[in-house]
Amino acid sequence: MSAQNTLTNLGLLLASGGVRVVDCSGVLGPDTPILQLPEDFAKPTPKVEIHKISEYDADGPFFAWNWMVLGEHSGTHFDAPHHWITGKDYEDGYTDTLDVNRLIAPVNVIDCAAESAANADFLLTADHVKAWEAEHGEIGKGEWVVLRSDWDKRADDEAAFLNADENGPHSPGPTPDCVEYLLSKKIVGWGNQCIGTDAGQAGAMDPPYPAHNMLHRDNCFGLASLANLDQLPAKGAILIAAPLKIQHGTGSPIRALALVPQG
């Protein structure tokens, strides 16, 4: 089948409902959970603010629009390689210089919702991924891999979403050997449903924050605070994860969309 026929057929399937578009993003607003960092460690991202400019009134009689205070890594968002020190030297590591052909790719959804419900500190290992591949098929070059934890069900409660105590945050994520294995498969990027791409306790790993450290070291992308992964199959969907074209941007909120075949 030619590329032109493939795109024509995709358009027909979208129009007929043969392919469904699943919104994999959370709502972005003042109540969106934002990563909290210790004051003595780093400057935090501010909460999202939305301010009205006009709404069919004296400030603009025919139109409504707003201005915002917004961090690059707020809500459902994209991490570009320049976000982490290991990726700082890639010329194509910013949101305005990256290769957009890499942003749309098949997605592998590894379902660990039950494990994450039983243990907030659940860690996905390379052995877990290999067992998943034995059941569902190999992860291919240039594909997305995402961890389904159903953590998005907590998004309306920032305290539950961040899930922190005196020992820091507790949320699922990958081990260093998991990230290294996925990178050996030449994936385009990794996604999580939690506040960041790493597990809550990843700061104590070797290396610390392996998803950030290794993904961006290899010029790969990260996705965080994804939603509705329970509506995606293990394989067979296409994920579109496009950041805003921010000048020298290290990341961006996104409207992540998955194309899911029906029937």
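Just so you know, these numbers come straight off a predicted model, no measurement behind them. Atom set for the values below is all heavy atoms of this structure, side chains included, hydrogens, waters and symmetry mates excluded.
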>> Set out, in order, the CA-CA distance, both residues' side-chain angles and the distance that settles side-chain hydrogen bond (donor to acceptor under 3.5 Å, both in side chains) for S2 and N5, then state yes or no.
In response: CA-CA 5 Å; S2 71; N5 287 340; 3.2 Å; yes
> Could K47 and E158 be called an ion pair, given the rule that one side-chain N must be under 4.0 Å from one carboxylate O?
Replying inline: yes
>> Tell me if a side-chain donor or acceptor on D121 pairs with a main-chain N or O of P172 at a distance below 3.5 Å.
In response: no
> Partners of H128 by ring pair (Phe, Tyr, Trp, His ring centres under 6.0 Å), sequence neighbours excluded?
Replying inline: F122
>> Less than 3.5 Å apart, any donor N or O on the side chain of E72 or T250 sitting next to an acceptor on the other?
In response: yes
>> Quick one: does any side-chain atom of E49 pair with a main-chain N or O of M68 as donor and acceptor, under 3.5 Å?
In response: no
> Once the angle between the rings of F78 and W144 is folded into 0 to 90°, is it parallel (under 30°), tilted (30 to 60°) or perpendicular (over 60°)?
Replying inline: perpendicular
> Between D198 and H212, does a side chain to side chain contact (heavy atoms under 4.5 Å, CB included) hold up when you go through it step by step?
Replying inline: CA-CA 7 Å; D198 275 295; H212 284 83; 2.6 Å; yes
> Where do D177 and T175 land on the side-chain hydrogen bond (donor to acceptor under 3.5 Å, both in side chains) test, with the steps shown first?
Replying inline: CA-CA 5 Å; D177 79 302; T175 60; 2.3 Å; yes
>> How long is the straight-line distance from CG of L124 back to CG of L147, given to the nearest 0.5 Å?
In response: 5.5 Å
> So which pairs with a foot in residues 92-120 pass ring pair (Phe, Tyr, Trp, His ring centres under 6.0 Å), sequence neighbours left out?
Replying inline: H82-Y94, Y94-H248
> Partners of H77 by ring pair (Phe, Tyr, Trp, His ring centres under 6.0 Å), sequence neighbours excluded?
Replying inline: H73
> So does D89 pair up with R217, basic N to acidic O under 4.0 Å?
Replying inline: no
>> With salt bridge (charged side-chain N to carboxylate O under 4.0 Å, His left out) as the criterion, how do K153 and D230 come out once you've worked through the C-alpha distance, each side chain's angles and the decisive distance to 0.1 Å?
In response: CA-CA 11 Å; K153 310 304 182 190; D230 56 335; 3.3 Å; yes
>> Would you say N228 and D23 are linked by a side-chain donor-acceptor pair, where the criterion is simply a distance under 3.5 Å?
In response: no
> Are the ring centres of F63 and Y56 closer than 6.0 Å?
Replying inline: no
>> With a 3.5 Å distance limit and no angle check, can you tell me whether S225 reaches the backbone of T76 through a side-chain donor-acceptor pair?
In response: no
> Okay, side chain of R154, backbone of A160: is any donor-acceptor separation there less than 3.5 Å?
Replying inline: yes
>> Donor-acceptor pair, distance only, cut-off 3.5 Å: does the side chain of D79 make one with the backbone of L223?
In response: no
> Out of curiosity, S25 OG to R255 CZ, how far, rounded to the nearest 0.5 Å?
Replying inline: 6.0 Å
>> Going by the rule side chain to side chain donor-acceptor pair (under 3.5 Å), which residues pair with D96 if we only count those two or more places apart in sequence or in a different chain?
In response: none
> What pairs with K245 under side chain to side chain donor-acceptor pair (under 3.5 Å), at least two apart in sequence or on another chain?
Replying inline: none
> Does the side chain of H51 pick up a donor-acceptor pair with the side chain of N66 at under 3.5 Å?
Replying inline: no
> What distance separates E143 CD from I187 CD1, expressed to the nearest 0.5 Å?
Replying inline: 10.0 Å
>> Restricting to side chain to side chain donor-acceptor pair (under 3.5 Å), what partner residues turn up for E133, sequence neighbours left out?
In response: Y181, K185
